[in-house]
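Heads up: the structure comes next, in structure tokens.
Order of the sequence lines sets the chain letters (A, B, ...), proteins ahead of strands, with each chain counted from 1. Computation of the quantities below employed the complete heavy-atom set of this structure, encompassing side-chain atoms and omitting hydrogens, waters and symmetry-equivalent molecules.
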There are 2 protein chains.
Amino acid sequence: MSGLLYAIGEVSRITGLSVKALRLYQEKGLLEPSRVDPSTHYRYYTERDITLAHTLRALRDLGLSLEEIRGVLAELDQGASLTEQLARVRARLAEEAASAQRSVLALDTLLRNQAQAEAYLRAPPPLLERWLPAVRVALHRARGRYSDASVVFPRLLATCGPHIAGAPFCLLHEAEYREDDADLSWCVPLAPGATPEGVHVEELPEVQVATLVHSGPPDSVGPSWARLFAHLHAKERTPSVPLRETYLRVGTTGGGSLLTELALPWE
Amino acid sequence: MSGLLYAIGEVSRITGLSVKALRLYQEKGLLEPSRVDPSTHYRYYTERDITLAHTLRALRDLGLSLEEIRGVLAELDQGASLTEQLARVRARLAEEAASAQRSVLALDTLLRNQAQAEAYLRAPPPLLERWLPAVRVALHRARGRYSDASVVFPRLLATCGPHIAGAPFCLLHEAEYREDDADLSWCVPLAPGATPEGVHVEELPEVQVATLVHSGPPDSVGPSWARLFAHLHAKERTPSVPLRETYLRVGTTGGGSLLTELALPWE
DNA sequence: CTTGACTCTCCCCCAGGGGGAGACCGCCAC
DNA sequence: GTGGCGGTCTCCCCCTGGGGGAGAGTCAAG
């Protein structure tokens, strides 16, 4: 018999929807109990209501919002196509999945970089000769001092926003150390298709370098540079410009050791 | 100079974070403006604050909650490993992505079924001979009448809940039509590993049938069954039992045309 | 009749902000 | 000085999808 009535708690147990949720769905007009006692306001549900509640739960578990569920149920009720609403939902969910997947990939990249940075901290890689690949960067060249980094990089980050695709670095266009009038280029690698506005974009060619990862405060890099120069000298190679300092650790604002990769090109 | 101060609107323009969001992050202790005018309560941010805001935005865009961001920033501030928090976030995001992906797949299945049902509605497939595959079902056998469906199926759906893997159907164990004492088995296909409790589970073997999709109210299937019997008779085959009626359209509660697939086995 | 399990309504809470009201503030032009 | 305009302040309510609990009323079994 369909006259059999279920109280809200039983319906909750049967459908797995919470009592709170059932009351909410009534308030939203999604699932009206077949009978509400006018004096006690107790809700009573029929088998048919329970079937509807099951449908509702299935749709909710699929990730539909209550509004979307309302649309689907309305289409169902008219015996209409259903595909319209569901196709929209599918598109939304697919976008969500893709977005989460992209985030996971980005996090993986971040974690790998981080792991490598930590490895460098524990066991700095020895002086190494390798090729730096070509890279497209947003570049700001100016005369000044190292400490300008705290001014220039925030500005670059501000303009390039979401187009950034790697650790920022600095090019030193003269080999001699200058305290306060160095010829510097502040660079941020860009994502392949990105074209930020209000900033100079340049493609740096690949270059052969001797590299060294320096850990410690950024004003103590002098001896490490000296090691690189000495190395090239010992091999009778001619150092070239620009020198490159790459800032490896993210969030360099706080404490913790900083990591700087020094790269000295030769001809 | 790092003494340069930015008002909240400028910071918003630079970082892409809304003014509301910036105020919220201050309230949550994530991003404190370097100076707050004690008399006007205006917020002023330094370049360093803006860098932090960028980090914050990047993390938010990755899908981290503010609490997770707080954790990451704290680790960053101590120069700690970072990997702990980020690995947790990665796990969460991966789960989200997988879940959304599962939903998309489920929706695709649903949409395919729906599309086929609609195709059947427009152009009912002719009488067809084929094999019904073996299927594991939750089964409730009882004597009664067709209209018991509205009682039995909700109960089955209630007990089997999320284990359901297909359209429900009904087996008629006798070939003759009986109004009120038919020998019926109400069935719901189950997902492969599912073992619902409080219900009889059975594996139906595959069987060769003549099938026909009937569209219209469920009490008008008589002539369609007659067509199937006539077909087998013309081919001099012996009809067998059980007959099977599968209810194709979801949400059969509301209006709209119903679709029932009739399947008549033979020996 | 009592008792324990249910159920009712009503209110506050969460994240992550959006929208807007009403009141100040800063800066530029005149 | 003074007006005007845009920026900023605090404060409050709104959204989704419910959870937690208070205080009061109800149902059914013993």
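Heavy atoms of B/Y44 sit nowhere under 4.0 angstrom from any nucleic acid atom. Contact annotation for B/R23: base contact, defined as any heavy-atom pair under 4.0 Å involving a base atom.
Note on A/E67 versus A/K28: no salt bridge recorded, every NZ/NE/NH1/NH2 to OD/OE distance being 4.0 Å or above.
As rounded to whole Å, 9 Å separates atom C1' of D/dT16 from atom CG of A/L24. Distance CD (A/E10) to C1' (C/dT7): 12 Å, rounded to an integer number of Å. D/dA28 atom C1' lies 16 Å from atom CG of A/L5, rounded to whole Å. Between the CD1 atom of A/I69 and the P atom of D/dG17 there is a distance of 8 Å, given to the nearest Å. Note: OH (A/Y25) to C1' (D/dG18) measures 8 Å, nearest angstrom. What separates CD1 of B/I8 from P of C/dG26 is a distance of 15 Å, to the nearest Å. Rounding to whole angstrom units, CG of residue B/L17 and P of C/dG17 are separated by 8 Å. Atom CG of B/D37 and atom C1' of D/dC9 are 11 Å apart (whole Å).
With hydrogens and angles ignored, no donor-acceptor pair under 3.5 angstrom links the side chain of B/Y42 to the base of C/dG26. A donor-acceptor contact under 3.5 angstrom links the side-chain atoms of A/K20 to the base of D/dG21.
You'll find the side chain of A/L190 stays beyond 4.5 Å of the side chain of A/V137, heavy atoms only. B/Y44 places none of its side-chain heavy atoms less than 4.5 Å from the side chain of B/D49. Residues A/Y45 and A/L5 form no side-chain contact, since every pair of their non-hydrogen atoms from C-beta on lies 4.5 Å or further apart.
For A/R43, no side-chain nitrogen or oxygen approaches OP1 or OP2 of C/dT7 to under 4.0 Å. Between A/S18 and D/dG19 there is a side-chain polar atom (N or O) within less than 4.0 angstrom of OP1 or OP2. Taking only side-chain nitrogens and oxygens, A/K28 never comes nearer than 4.0 Å to OP1 or OP2 of D/dG18. In this model, the phosphate group of D/dT8 is not approached by any side-chain N or O of B/T40 to a distance below 4.0 Å at OP1 or OP2.
Between B/A7 and A/E67, the residue anchored nearer the 5' end of DNA chain D, judged by the nucleotide with its closest heavy atom, is B/A7.
A/D61 places no side-chain N or O within donor-acceptor distance of the main-chain N or O of A/A58, the cut-off being under 3.5 Å.
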